[in-house]
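Remarks on the structure that follows.
By convention in this document, chain letters (A, B, ...) are assigned in the order of the sequence lines, proteins followed by strands, and residues within each chain are numbered from 1.
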Amino acid sequence: MLDVQSIRQDFPILARKVNGNPLVYLDNAATTQKPRQVIRTLVDFYQQHNANVHRGVHTLSIESTDLYEEARAKVQRFINAPVPESVIWTRNTSESINLVAYTWARANLQAGDNVVTTAMEHHSNIVPWQQLTRQACAELRYIPVDDDGLLQMDAAANLIDERTRLVAATHVSNVLGSITPIHHLTRLAHSAGAVIMVDAAQSVPHMPVDVQAIDCDFLAFSAHKMLGPTGIGVLYARPELLDAMPPFMYGGDMIIEVTYEDARWNDLPYKFEAGTPNIADAIATGAAVDYLSNLGMENVQEHERQITEYALRRIREVEAVTVFGPHDASLKGGVVSFVHGNIHPHDLGTALDRMGIAIRTGHHCAMPLVRSYGVVAAARASFYIYNTKEEVDLLVDGILEVERYFAHAGAK
Amino acid sequence: MLDVQSIRQDFPILARKVNGNPLVYLDNAATTQKPRQVIRTLVDFYQQHNANVHRGVHTLSIESTDLYEEARAKVQRFINAPVPESVIWTRNTSESINLVAYTWARANLQAGDNVVTTAMEHHSNIVPWQQLTRQACAELRYIPVDDDGLLQMDAAANLIDERTRLVAATHVSNVLGSITPIHHLTRLAHSAGAVIMVDAAQSVPHMPVDVQAIDCDFLAFSAHKMLGPTGIGVLYARPELLDAMPPFMYGGDMIIEVTYEDARWNDLPYKFEAGTPNIADAIATGAAVDYLSNLGMENVQEHERQITEYALRRIREVEAVTVFGPHDASLKGGVVSFVHGNIHPHDLGTALDRMGIAIRTGHHCAMPLVRSYGVVAAARASFYIYNTKEEVDLLVDGILEVERYFAHAGAK
Amino acid sequence: MRALSELDELYEEIILDHYRNPRNNRELDAPDLEIEADNPFCGDEIKIQLKFEDDRAAGVSVAGRGCAISQSSASLLAELSQGRTREEMKNSVTLVRRMMRGEELSDSELDDLGDLEALRGVRKYPVRIKCALLSWVALEDMLDDYPAARQQVSER
Amino acid sequence: MRALSELDELYEEIILDHYRNPRNNRELDAPDLEIEADNPFCGDEIKIQLKFEDDRAAGVSVAGRGCAISQSSASLLAELSQGRTREEMKNSVTLVRRMMRGEELSDSELDDLGDLEALRGVRKYPVRIKCALLSWVALEDMLDDYPAARQQVSER
Ligand SMILES: Cc1ncc(COP(=O)(O)O)c(C=O)c1O
Ligand SMILES: Cc1ncc(COP(=O)(O)O)c(C=O)c1O
């Protein structure tokens, strides 16, 4: 199990006060906080090694290149990718998905084909496919979600057919928390002759993920949601696919030779990394991966499961609260989304913030899903390695206090 | 003038030794070093304010959003852009150029049209246009370079014609150092009814740049070449153009509403910033801009001119050396590219590195240009605010020492 | 409760009263003007209808759903607009904007705003300002640009 | 000069000799195999030609331009390959690779490499390893995959 008290010591921001109260940070699905090991890596890089990579014979450039590629290898091992060059650095999950849409999908999708996604996707795994299928005169299909917030897999088996070229599915919903049966989806996709793209933005940070065990073709995630810096994400792809794909962005580093007439592409992974990469943040992502590996991803998952179980139990003590998604913590990641019958999420968020409690409110970048629950906004508490049951208590007590406030205020 | 000695105190890496010698960092055109003010800003952000932007009601998210938008406003003022929303954050210059190629240019270029660029571009301002013009059955034209390394503007006037839709030109060459007559190119482009995209990767960091005075339509640069972090760049564009352009990447934050069927785009600048942005590095770019503004860009330019003048004079004392580009420092930025008659740049680079001197060797991501000088590789020293004449002396003495080494070694 | 007492500034009595008991929220029969507006980020939705008689608002309806700030602001808008001319309404929009920017208003300007002054506390919560302004911006759009506004409504 | 004396390890006497006086760099008349290779990043170019007699390299030509490491390595390749069979040449490629990876070679393996042992110093300069390997990788490609290699040449 995690030693949460010693973990908390690694996160300088947790010492902060917000509106006079200790920070209770429950917005981890949006972005996580950073341990000093990650911050220190950034500082060390800029103070000791900073240089551009790949083309230099001088020492700093060699060191930068080595650190940059070492970080890639760390990510490779973290998700058990077969080779380092199957790991492409991007800005974030959104760019990783767009990269696949602009390259693999544009080259492979034809009129009459279809792309199958789910009804619980983040906008970043919806809008690129809406645009792409519209351009290609192809169809976009949504696997529906049942009342417990789980994918209807019988429907999936029908929606994925011989005209399906791509299945794009989240691994863990950022609203419902639901863990999708990703192995099952992979098998359905592959037996239909389709490839599968996994949005792992909410899974890689929170549980062991093995791309070879899942047997997925593409997988995307963001460093900022797993203790790493903003501005850096990952696209994992099977190297055979990457080899066959046209490049996405063109420019320095992604070419091996340029004449005034033409250009030859560089080897993987560089073919997909045009221009000076986000060197420092890639290296710091390596430090984030080290931090998580030291904890052990099984332990991270178990810690979150316990907190989530406790949170689900406690928050349902508040009568006016409705929780979305599975009520069984073992079926979900550390995300609890809810609405309160009498208090709008926005008012609740502002009020909890007075107490130092940070939750997210709104559509969580999953508008169609949130609206399917008959609301336009919801409140969400999401947990990570440094959160405690005491913080869950503060949240629930806080909600009750806000209830009392709105019941009495204005009636004075 | 700059107080270089006190500036050097702000750069922790300059205290470093390389192979036992003090670091002499002359690879600034590739990337610059970072002052403690920029590093400190990153640390402060992650230790005090870190949260996702734009959608949060909690204090950290509000602070992050404010800092992020404040940095945008700093960049706006730095380049005198008319409104903050004309400043789009990207990863780097290369992405900025690709954004324009994928959106404005794809929507506006037709068969038979042409794009005019120059013979002294970086690959990032060549390859996107090669691909685009090939797809559109359009023509790519190169304004030639004369023997002094300057653009042949009479040729430019002929190449830019009524079928020209876009002129894509560098402001300062990263190989020759040549400053291009960008106002002149802008007028030629506009009177032909074309738009102009300026690659300002080597100008914004080194001289005052005013996008309204230049009257350009698009302008791109990278923070990492101007004291800022890696992973963040800027596209400036006239807001009317941005409004009319389709989005580039799709996903969270760039939409205002999503249904299962369709999406509405968000306002500028967010329409072009899909997914969680590189928040921390954008904010640190603001700190880099502050640092440069405090020095004054006229002073930065004058300092570099003096160093470059001195370097041009001293390096030509080495008989076997041929310098590319203008020999008049007032016509160029702080870049001195050269070849040595008897020593391959790669061997020179390795040898200078033994003395702690970091120069760049190779094609400098401008292969067609470098090859037009009859070589496949060159050596390049490039200067910034912390470089001194003493460092130029170390470089030249170093080259002479390497000469002696290769003359004697192996002959022992 | 201590931490929340500071919220009184934001949620003044009158705000909560309008939130709980919105005024003029019954749809009009044949409105002259109508607009819908939303802020999808926080899930605020509003629909405004206006009916004129002798150039003055004879019927005003404002309905929607959302947070206490957006909904009370809309209800106050409905109350305030009754019997006003287009010019007077546009003037109030300007005043509300100025108040949200933190400008000091004169006594007569404050008079003009009436109970709306209760929204002053929102200024300290900048992310909530757009909640407060949602209905006012919609009103302005509707008054400025009737045909376009109308079309935008029907497009949804 | 003090700082540069450490370079002696990289630029061994024999390396500089081959760099200044490349062996076997005259083009062959009717080669059986030919390949061009380059490393555009540092501007190294190499062209290898081979002519066989009785399954042994009777003519070897290696020409190019580039840094001291790439060109001397190519010249050493030419010298070493004279009179060797394909299998023997491929064996040398493996040995050179293993040396660059820092593996210890047996005495008989070192014998096989002859003067090439002088390239050992490159191991300490990892970015220069690809300079040293350029011609060897090209040789291997050429031997492995003659038609494709040939085609690649003519495509340029
Ligand atoms: C003139 C010029 N344009 C474009 C670039 C590309 O910049 P980046 O690698 O940051 O995308 C560079 C820098 O390498 C440059 O010097
Ligand atoms: C499930 C899911 N997919 C995609 C994203 C997009 O990630 P990013 O904003 O880092 O691109 C997120 C996070 O917001 C997410 O939770």
Side-chain angles (χ1 to χ4, degrees), chain B residues 17-24 30 123 175 337 339-371 373-380 394 397-412, chain D residues 1-23 36-47 63-76 115 117-135 156:
Chain B
K17 301 223 157 177
V18 166
N19 294 318
N21 297 295
L23 169 65
V24 176
H123 294 159
V175 178
S337 291
V339 289
H340 188 285
N342 311 315
I343 308 167
H344 187 275
H346 221 156
D347 295 314
L348 182 64
T350 295
L352 288 173
D353 184 57
R354 297 308 314 171
M355 305 183 229
I357 303 170
I359 61 162
R360 183 103 339 201
T361 64
H363 54 61
H364 311 299
C365 284
M367 261 187 218
L369 175 70
V370 169
R371 287 191 176 165
Y373 284 88
V375 299
V376 272
R380 179 184 73 189
L394 286 170
D397 296 349
I399 296 171
L400 292 168
E401 208 164 307
V402 179
E403 261 186 5
R404 284 191 296 273
Y405 175 82
F406 278 107
H408 296 290
K412 281 171 292 201
Chain D
M1 219 46 122
R2 203 169 11 92
L4 291 187
S5 62
E6 296 161 34
L7 279 178
D8 293 352
E9 241 186 310
L10 178 62
Y11 298 111
E12 285 217 29
E13 214 166 310
I14 208 157
I15 300 282
L16 290 176
D17 180 43
H18 273 266
Y19 180 46
R20 297 197 185 105
N21 313 295
R23 323 293 201 261
E36 282 179 34
D38 61 356
N39 176 349
F41 287 116
C42 47
D44 291 336
E45 297 174 347
I46 214 85
K47 178 173 171 177
R65 52 180 185 165
C67 68
I69 304 302
S70 72
Q71 300 305 307
S72 61
S73 178
S75 174
L76 284 158
D115 284 349
E117 206 196 328
L119 281 172
R120 216 185 26 214
V122 180
R123 293 187 310 210
K124 283 213 185 161
Y125 294 80
V127 281
R128 305 301 298 273
I129 289 178
K130 61 178 185 297
C131 307
L133 285 180
L134 177 66
S135 52
R156 303 262 170 92

Stepwise side-chain contact (heavy atoms from CB on, under 4.5 Å) test for B/Asp347 and D/Arg128 | CA-CA 9 Å; B/Asp347 295 314; D/Arg128 305 301 298 273; 2.8 Å; yes
Which portion of D/Gln71 sits near chain B, non-hydrogen atoms under 4.5 angstrom = neither
Beyond-backbone contact of D/Ile69 with B/His344, side-chain heavy atoms, under 4.5 angstrom = no
Options B/Gly20, B/Gly362, B/Ala351, B/Pro345, ranked by heavy-atom pairs under 4.5 Å with chain D, top entry | B/Ala351
Pick one: which of B/Thr350, B/Asp353, B/Val402 meets side-chain contact (heavy atoms from CB on, under 4.5 Å) with D/Leu7?
-> B/Thr350
Would you give the length of the straight line joining atom OH of D/Tyr125 to atom NE2 of B/His346, rounded to the nearest 0.5 angstrom?
-> 12.5 Å
With a 4.5 angstrom heavy-atom cut-off, could you sort out which part of D/Ile15 is near chain B: side chain, backbone, both or neither?
-> neither
What's the shortest heavy-atom distance between B/Ala377 and D/Gly43, and which atoms?
-> CB-CA, 4.4 Å
Would you say B/Val375 and D/Arg65 make side-chain contact, with heavy atoms under 4.5 Å?
-> no
Smallest heavy-atom separation, D/Leu4 atom then B/Tyr405 atom, equals O-CE1, 3.6 Å
